[in-house]
Amino acid sequence: MMTDPSVSPGRPAATKAAETQLAETRLSKTRLAKTKLTEVVVVCAKCAKRQGLRPRAVRALLKGAAKQAAKDGLLADRTKLCIVESGCLGPCPKRAVAVATGASLAAGRVVLLDPGSKPEEALAAVLRPVLPQRRPPNSAPIRP
């Protein structure tokens, strides 16, 4: 005799309509909220420790670079970064720190950040799709 695993003893079997209605009520209770954050950056604490960096050193590096870029007008409205240290992100580079953003994780990638890089370079590497590319100024206009 085969028994239905979704039916527990002593309870009537739930119909498909009742199951869908239950799922819809669960989804309707889910709410969304606005946030001022524009990007969440996840830093591997294990990599940072392995590089001999003090706790939150990468956080301070990226936050300072983001604030300076906002003052220079490079980030426009993208000034609020949330930088979080986490456990291992997967790759364990010998001379770098593994860093991930929502965009890099969506692409299935982790950014390997050189801890000795300049703050502007580090921010550009982490927020590559977000930061606009700077064009060198033209010294003379092109005339036909």
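The residues of the chain are indexed from 1 along the displayed sequence. Not measured: the values here are computed from a predicted model.
The minimum heavy-atom distance between R95 and Q51, with the atom names listed, is CA-NE2, 3.6 Å. What you find for A98 and V110 is that their closest heavy atoms are CB-CG1, 3.8 Å. Residues P119 and A65 share a closest heavy-atom pair of O-CB, 3.3 Å. Nearest heavy atoms, L89 versus P91: O-CD, 3.4 Å. What you find for V42 and S86 is that their closest heavy atoms are CG1-OG, 3.2 Å. For the pair R50 and C92, the tightest heavy-atom approach, listed with the atom from each and the gap, is NH1-CB, 3.4 Å.
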Test log, rule side chain to side chain contact (heavy atoms under 4.5 Å, CB included), inputs V99 and V41: CA-CA 7 Å; V99 177; V41 180; 3.4 Å; yes
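A distance-only check finds no donor-acceptor pair linking the side chain of E85 to the backbone of R59 [under 3.5 Å]. When atom types are taken as modelled, the side chain of E39 and the backbone of T101 share no donor-acceptor pair closer than 3.5 angstrom.
For the pair L81 and L127, the minimum side-chain heavy-atom distance is below 4.5 Å. A heavy-atom distance below 4.5 Å is not found between the side chains of V97 and V111.
One distance of note links CD of E120 with CG of D72; it measures 8.5 Å at 0.5 Å rounding.
L113 and I83 fall within a single hydrophobic cluster, where Ile, Leu, Val, Met, Phe, Trp and Tyr side chains are chained together by heavy-atom contacts under 4.5 Å. Hydrophobic clustering places V43 together with L53 (ILVMFWY residues linked when any side-chain heavy atoms are closer than 4.5 Å, directly or through intermediates).
Counting non-hydrogen atoms of neighbouring residues, nucleotides and ligands closer than 6.0 angstrom, the NZ atom of K46 reaches no more than 12 such neighbours.
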